[in-house]
Amino acid sequence: MSIAQLVATRSTCLRRKVGAVLVKDKRVIATGYNGAPTGVRHCEETGCLREQLEVMPGERHELCRGLHAEQNVIISAAYYGVATKGTTLYSTHLPCIICSKMLINAGVEKVFFLDGYPDPLADQMLAEANIEVVRLTL
C-alpha cells in the first residue's frame with residue numbers, strides 16, 4: 001500500500017490524489033494515478049471542471065479531464081502487454097462504479113484500499129462479482 005501512496009503523489013488532480021498498484025504473484029505489474037491523459041493539459045493548468053460545475057463526489061464521472069488511477073493502472077498494463085487476470089489491486093481509495101466494472105472485466109480478484117468512496121453500486125457489483133474487498137488501516 002505504501003507504493004500506492006507514493007504513486008498518488010504523481011496525481012495532478014486538484015480534488016483527490018489517488019494511486020493504484022496491480023500485483024500478481026507478489027510482484028508489481030503496473031501502477032496508475034489519477035490525472036489527464038498523456039499530452040493533454042492537466043487540471044493544475046486548466047482548473048477543476050468538477051469544482052467549477054459543483055459536481056459532488058461519486059456523481060457525473062464524465063465531467064472530468066482526468067482518468068482515475070484504477071483506469072490508468074489497467075491501461076498501463078495493457079499498453080505494455082501485461083495480463084491483469086488474477087491480480088490484486090492496492091488503491092488509496094475504494095474504486096467508483098466505472099472503475100469497479102473495469103476491474104471486474106480485467107480479472108482483478110482482490111482489492112485493498114485505504115479511504116472510502118461514496119458509491120454503493122460499486123460495492124454491490126464488486127460483491128456480486130466475488131471480488132474480495134478489504135479496507136486497510138495504517
Quiz item: What are the two closest non-hydrogen atoms of R16 and P57, and how far apart are they?
Solution: NH2-CB, 3.5 Å

Quiz item: If every non-hydrogen atom of V18 is compared with every non-hydrogen atom of A8, which pair is closest and at what distance?
Solution: C-CB, 3.6 Å

Practice problem: Determine which pairs satisfy salt bridge (Lys or Arg N to Asp or Glu O under 4.0 Å) with at least one residue from residues 23-32, sequence neighbours left out, and list them in order. | Solution: none

Quiz item: Under 4.5 Å between any side-chain heavy atoms of V23 and V21, yes or no?
Solution: yes

Self-check item: Distance, nearest 0.5 Å, that separates CG of D119 from CG of D123
Solution: 7.0 Å

Quiz item: In this structure, are over 12 heavy atoms from other groups packed under 6.0 Å from L49 atom CG?
Solution: yes

Self-check item: Of all pairs that satisfy ring-ring contact (aromatic ring centres under 6.0 Å, His included), the ones with a partner from residues 28-65, not counting sequence neighbours
Solution: H61-H68

Quiz item: Under the salt bridge (charged side-chain N to carboxylate O under 4.0 Å, His left out) test, which residues partner K110, sequence neighbours left out?
Solution: E132

Quiz item: Members other than V82 in its cluster, when Ile, Leu, Val, Met, Phe, Trp, Tyr link by side-chain heavy atoms under 4.5 Å?
Solution: L22, I29, V73, I74, Y79, Y80, L89, L94, I97, I98, M102, L103, I104, V108, V111, F113, Y117, L121, M125, L126, I131, V133

Self-check item: Pairs satisfying salt bridge (Lys or Arg N to Asp or Glu O under 4.0 Å), at least one member in residues 47-74, at least two apart
Solution: R15-E51, R60-E62

Quiz item: Roughly how far apart are L63 CG and C48 SG, rounded to 0.5 Å?
Solution: 10.5 Å

Quiz item: Can you tell me how far NE2 of H93 sits from CG of D115, rounded to the nearest 0.5 angstrom?
Solution: 4.0 Å

Quiz item: Apart from L14 itself, what residues make up its hydrophobic cluster, given side-chain heavy atom links below 4.5 Å?
Solution: none

Quiz prompt | Minimum heavy-atom distance A77-T84, with the two atoms named | solution = CB-CG2, 3.6 Å

Self-check item: For N34, side-chain hydrogen bond (donor to acceptor under 3.5 Å, both in side chains) partners two or more places apart
Solution: S11

Self-check item: Closest heavy-atom pair and its distance - C96, A122
Solution: C-CB, 3.6 Å

Exercise. Just jot down the side chain to side chain contact (heavy atoms under 4.5 Å, CB included) partners of L136, sequence neighbours excluded, or say none.
Key: M1, F112, L114, V134

Exercise. Determine whether more than 12 heavy atoms belonging to other residues, nucleotides or ligands lie under 6.0 Å from atom CD of E128.
Key: no

Practice problem: Can you run down the salt bridge (Lys or Arg N to Asp or Glu O under 4.0 Å) pairs that involve residues 94-108, sequence neighbours left out, and say none if there aren't any? | Solution: none

Self-check item: Any pair counted as salt bridge (Lys or Arg N to Asp or Glu O under 4.0 Å), so long as it reaches residues 38-47, sequence neighbours left out
Solution: none

